[in-house]
Amino acid sequence: ADPVIYTTNPVPAVEAAQAVIKDKAGLTTGIITGGSGVLLRRIEAEKAAPQGDVFWSSSANTMGAFKDVLEPYSSPELSAVPADLRVADDYFQPANLHVVTVMVNTDQLDGAPAPADWKDLADPAWKGRIILPDPANSSTGYTIVWGLSKLLDAETYKALVANLVVSSSSSAVPKGVAMGEYAAGITFETNSYSYVDGGQTEISIVYPSSGTFTTPEYSALVKGAPAGDDARKAIDALLSKDSQIELLKVAFRRPSRTDIKVSDYVKLPELSSIKIFKIDEDEAAKSRDAFLAEWAALPKAGSSE
Amino acid sequence: MNHSAFRTPWPWLSALALALLGVFVLYPLLYIFTASFVGEGRSGWLQLLADRQSLSAIGNTLLLATVVTLFSTLIGVPLAYVSARYRFRGKLFITLLPLITLVIPEVVTAQTWLMILGNNGVITRFLKGYGIFIPSFYGWFGLITSMSFIYYTYVYIGTVAAIGKFDAQLEEAAQSLGTAPARSRIHVMLPVIRPAILASALLVFTMVIGNFAISTILGHNVRLLSVAIYQAAVAEGASNLTMQSTLASISVLIVMAVLFLNRRVIARGRYEIVQGRGARPQPLRGAQGVLVSGAAGIVVAISLLPLVTIAVGAFTVSRGPVMRWGEWTLDNMARVFITAPGPLVNSILYAGIATVISVAFSTLVSYLVVKKPNLMTPLIDYVSAIPLALSGTVLGVGLLASFNGGFLALTGTSTIIVLAYVIRRMPFGMRNGQAILHNIPNSIEEASISLGSPPFRTFLRVVLPMMLPAVASAAILTWTTTVSELSASLLVYSGGRETLPIQIFRLIDSGLMAYASAYGLVLVAVILVPVVVATTLFKVDLFASK
Amino acid sequence: MGIAISNLSVKYGAETVISGLSLDVPEGCFFTLLGPSGCGKTTLLRTIAGFAPASGGQIRFGGRDVTELPPHKRAIGMVFQDYALFPDKTVADNVAYGLRARGEKGPGVEQKVKAALERVGLGHVLSRHPAALSGGQRQRVALARALVIKPAVLLMDEPLSNLDAKLRVQIRETIIELQREANITTVFVTHDQEEALSMSDLIGVMNKGKVEQLGSPQQIYATPRTGYVADFVGAANRTEVPVRPTASGLVEVEVAGTRLVATDALEGPADKGLLVLRPEDLAISAAPVAGRQSLPATVRSRQYLGSRTSYSVECAGGLVLNAEMHGAGHDAFQPGTAIHLGFDPAAARVIRA
Amino acid sequence: MGIAISNLSVKYGAETVISGLSLDVPEGCFFTLLGPSGCGKTTLLRTIAGFAPASGGQIRFGGRDVTELPPHKRAIGMVFQDYALFPDKTVADNVAYGLRARGEKGPGVEQKVKAALERVGLGHVLSRHPAALSGGQRQRVALARALVIKPAVLLMDEPLSNLDAKLRVQIRETIIELQREANITTVFVTHDQEEALSMSDLIGVMNKGKVEQLGSPQQIYATPRTGYVADFVGAANRTEVPVRPTASGLVEVEVAGTRLVATDALEGPADKGLLVLRPEDLAISAAPVAGRQSLPATVRSRQYLGSRTSYSVECAGGLVLNAEMHGAGHDAFQPGTAIHLGFDPAAARVIRA
Ligand SMILES: Nc1ncnc2c1ncn2[C@@H]1O[C@H](COP(=O)(O)OP(=O)(O)OP(=O)(O)O)[C@@H](O)[C@H]1O
Ligand SMILES: Nc1ncnc2c1ncn2[C@@H]1O[C@H](COP(=O)(O)OP(=O)(O)OP(=O)(O)O)[C@@H](O)[C@H]1O
Ligand SMILES: [Mg+2]
Ligand SMILES: [Mg+2]
């Protein structure tokens, strides 16, 4: 049967992936879109008679809670993926890598210079002008503040948080900066870059000089996938070099494979040229509740209370 | 109940309705609730009491729902009055266009408001130039403004038929006793149409409680229940099923409590009015006409600002998320019709079937509840209102779990999409239908029966025609909100069964506003065309008063 | 089909409106319910029709127990006190409704509808909606709607209350004609006694949810059994009097100090009773008329009623009586004039107090 | 405040319902509109109240032109033909409504409301809703609601149509009392002639949107100016006859082959006219009575009316007349009996045909 993919990815990415799967595996794919939480819940609800075959894609933390409806699959393509991105038993397959960036709208800087590092954003002049996805709500947001709390000294961290406006909608972050609602937003590179690529000249991307964070995203095989082997073939195709290049070109998804030179396809810096601050994902996941409680207590900027 | 009651069709129909509601509403609900009991960790209620944030979310939600309901009523009722009682140029537009507000994706609405009143909004910048600082649109100001200008439509639609049917002689009686026309209306008309107003206010209240898109974009520091539920249920990161069920239960409880109050008030207000003496719409001329139609026009225009965004966006060149304003193209529209017409066909088909089923069912059931009460009908009334209290996501999960295999396997079919539509929107028809039925005197029905028409036939031949304006407005409301339904169908649809809203959601989520706008425009057309055809070609008089 | 009601009770919530009412209306009979406002006439009619459930007792149509039968199977026609016209249907469609419900179709229906409406003088408003009719016109449509189906039992709740005298007479005749033609058992509610007396085969006078007297018009008017009936029908003068039996069928009574002779309707021996004197049986004259017993009195006030004048007169001891004069010069006596009230012993009845 | 109406026209859409109507009702006058169903009585009342816009002409209250004044500023009270009670308000609140609209508050209002309702016999239903009242009870609430505000102009549209005779008489008296007390100019619509004749200072008989005769009750009844008025009020016998003038004020006419003498009301010379004979002025006797002109005839049918019997008799040449008999034995003549109809020339009037 034709595999059905439950995906959180944007339409251009999905269309590109469909084309590659058709090309490489000769399979026509059905697509169900939605947020990662919604789709994973759906897979859970359907576990007695699964309707989907492949889940594509979300962070390991998010998917972790749904392991009992997913199935490990060690795709041969995984050999091209660095070992540190892979998860135990290959429960999920690394699909791409997100880099946290500061998206800046230069029209809104009021003549001030663009920030170069996190501590620049801690200046009180930035109060209420930086937007961030809600850590309680989005894994992106959580990764960012968790990382910042480790990267910055306590005082700068507090000062920075005091400047932040929290949005419970992640997509409002790049949109808000692009519309000029906010001068800066902390968001994934892929989101920022789509505005640069679209030709909005006042948008610039800042990779903080003291270091930033990355998050891998994974695909997974649904347990009892009705398409059987075809589902696995679809995952192979998704992880293939052609597919990841296509995804990089149309959706600016930084590949999980090491055999693709990013700058050949888009105007993004190589991963090696970006300073990455390593964070311990496991620890981050474990101390989530405690950290969020602490976070909630910190004063922040934003609308009227 | 005596024996003869069972010789009428009503008890049987009641039983049938209850059975259907049991299978399609209670059974899925059961899944949701059992999930809360088998949850891990401390009881959700204890967690809740310890959690100040959730508590403040409950408080904020109640406050927001109350205020928005109030504003929606204040906008919707006068607009309904003007539509029902006056004739003026462009009335058809002023009366039909508000429907669009229900169709436009709330994300677009929020964004449009931000373009005007946000930090970088047109008006904000303009005022800032004069040193005037308006409060931030994020938070209460934005939530209340944007929601009021969407949800007033429910009040408007629900009230217009009631005003059209109102016995105008009562107003005359009040005037003959010395009250000015405006006061007469407030004293005499308001109490009689109150059930209709309350019924639609209830809808607004529940819609606000369940609203997610705007809450999440504009809420910022204002914690709200729907966002909290979402966070606990389907947000990325750790999810807390127990908490989610607890919060969902709270939202169900709030809605049930409001419904209970609403029923009590309506029960006190069962006024039969003499039929067929609705006031003829008066022509509006001169300064007064300009004033009234102008005011109505402004309200409608404000609520239609998001439509402008869509209309312009649909024809604007774009690359990725970036709109090249000022550069025009037909590519976006072409994509809708040539590249991907599937969602268009699906939407019309599923929503059409769902509207017919939902309106037929809700009309019959509201008739049972109001005019043929028996032991089952209060239960029917309550159960049929439960969907109001369920967010689309929760309902979708429930449907998936309940009808995935087992005695009724529906997942992966179109039936489950239609089912989700019907269940979610049936309460609209119920509220409207009940409101109008309270005003139809029993003697009319008895007259028909005395002429030898059996009860069910009487319902079809006499009661139904009299309910027609209400049924029509319920159908329009159902059609509109069904065509634009997203959150439940998003969970239950399967490959090849995408609808327009799902397609739009995908595109917006991908940042492809221009394509999304093109689909949005088509969605607006899909919704309005049947309504306009019905009102003009078939002379369905929404504001009927013969 | 005759109607037999036995021991019927009807309640609104906790309030009993009709209690233990029994009644027999023979087949083809024109039966009229007469009674004061609020006594339960509409309620009784609705119970016969099957719209108000009986809380006790039994209703039979032609021997068949219909107490539990749904209304539409009772073969009734009903004219509602508030007309209950279908507001969204034209006059013609209102009237055609019952015929169509019986499966009749085609030009036959139209013909019958037209004929029925012409009979009530409304041949010209066929295609109007009820809202565009005057009060009396609506009432006539309601009537036509009930008559056109020729029901076995016809129930009418004040069907003529909004019509003028001429139209009333004319439509009364139409009703009677149709009723006789099709041998329809009819229950008619009216507040108009003259109507009741002139149309009915049988009259029931109701009082507080009970039928107080049942009889032919003559029986009800000429020989009321209670003071209530005597007063309600025809507004009789009533006064309590000491009674002494005299010749067979007559009694001697004392009224305002004068001894007079009256008819004995006491139904048994008694030493006081209620003297009932109809105003039209009291003749006013300037002087006592020879050979006629009379009572001296003074005119207090009078009311011109066209064909007659109604006088209020005061006898000795403050007793006030009403008298009506007919014929030429009926308004001749001025207030303040001393007069004599003459009457025939046969017209003065003494009933149980 | 008197009401002066000049040259009034009212239309429903294209249909003219009232055309060129003029009317003067002096201050404090009790004026009654009498006319057949559908002639425009309700419409006229609504126009006076200001609810139906006049398409031509003028209405003045006490000299002031109110044609364009909105209803609530006209200081009227109105009883609607179908009551128009506020369904959501209790009986007491319905009645209190007008008082509160005038800014009255507190226990004074309650007292007035209670008093007004007691006056119409409804002191016991203060807190009920209209839906739980009988037809007549609703009508009385509507009446109390209009009366309690003591309006300058009181407009009543068939306010007693659903009441029984006794209650009617009683409430009539209440209305008259209040009207005299507060010197209220009253326009009263009724279909009941007796009511019109007994209550009114002035009567206007309407026909097809026009006032055909205006006058005191006696004028209207005793000296109708047209055949229509004669017939509508009191159902007169009318027949066209050849006329020959005789002694002053009298004419000779030929009826059914018999030469008779009647009163001349022709208002000018004519050789034919309309003979008007009221049924109660025709005396039936078995043989001609000496000294009284009479007409031989045969009884066709009769109707028992309690205090009287109405006979339909046929004279030579097929002329059918109605006669009414009062007093003892009024129902003595059987159908088929040959009788003589006697009458006084003063009671037989000849008017312009
Ligand atoms: N809304 C309307 N549209 C058109 N014609 C109407 C309307 N209302 C009344 N009419 C017509 O106008 C005429 C006068 O009506 P109106 O109600 O004044 O009569 P009425 O004298 O009060 O009669 P009734 O004694 O039966 O109440 C009637 O022929 C009626 O059919
Ligand atoms: N729905 C109701 N609830 C409670 N009481 C009611 C209801 N309807 C009528 N009643 C009361 O029942 C009694 C009988 O009412 P019904 O309508 O039978 O009177 P009726 O004889 O028809 O009077 P009328 O001549 O005024 O129409 C009245 O006292 C009335 O107030
Ligand atoms: Mg009644
Ligand atoms: Mg009228």
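Atoms considered below: every heavy atom in the structure, side chains included; atoms not considered: hydrogens, waters and symmetry mates. Here the structure is a predicted model, which is why all the values come from computation and not from measurement. In what follows, chains are A, B, ... by sequence order, proteins preceding strands, each numbered from 1.
- Of the atoms belonging to L85(D), it is backbone heavy atoms, and not side-chain ones, that fall under 4.5 Å from chain B.
- Looking at D65(D) and T67(D), their side chains do bring a donor and an acceptor atom within 3.5 Å of each other.
- In this structure, chain B has a heavy atom under 4.5 Å from the side chain of R46(D), while its backbone stays farther away.
- Side-chain atoms of N94(D) and Y83(D) form no donor-acceptor pair, as typed in the model, at a separation below 3.5 Å.
- With a threshold of 4.5 angstrom between heavy atoms, I76(D) approaches chain B through its backbone and through its side chain.
- Ring-plane geometry between F30(D) and F188(D) is classed as tilted, the angle between the planes lying from 30 to 60 degrees on a 0 to 90 degree scale.
- For E181(D), the CD atom sits in a packed shell: over 12 heavy atoms of surrounding residues, nucleotides or ligands are nearer than 6.0 Å.
- Using a 4.5 Å cut-off between heavy atoms, P71(D) touches chain B through backbone and side chain atoms alike.
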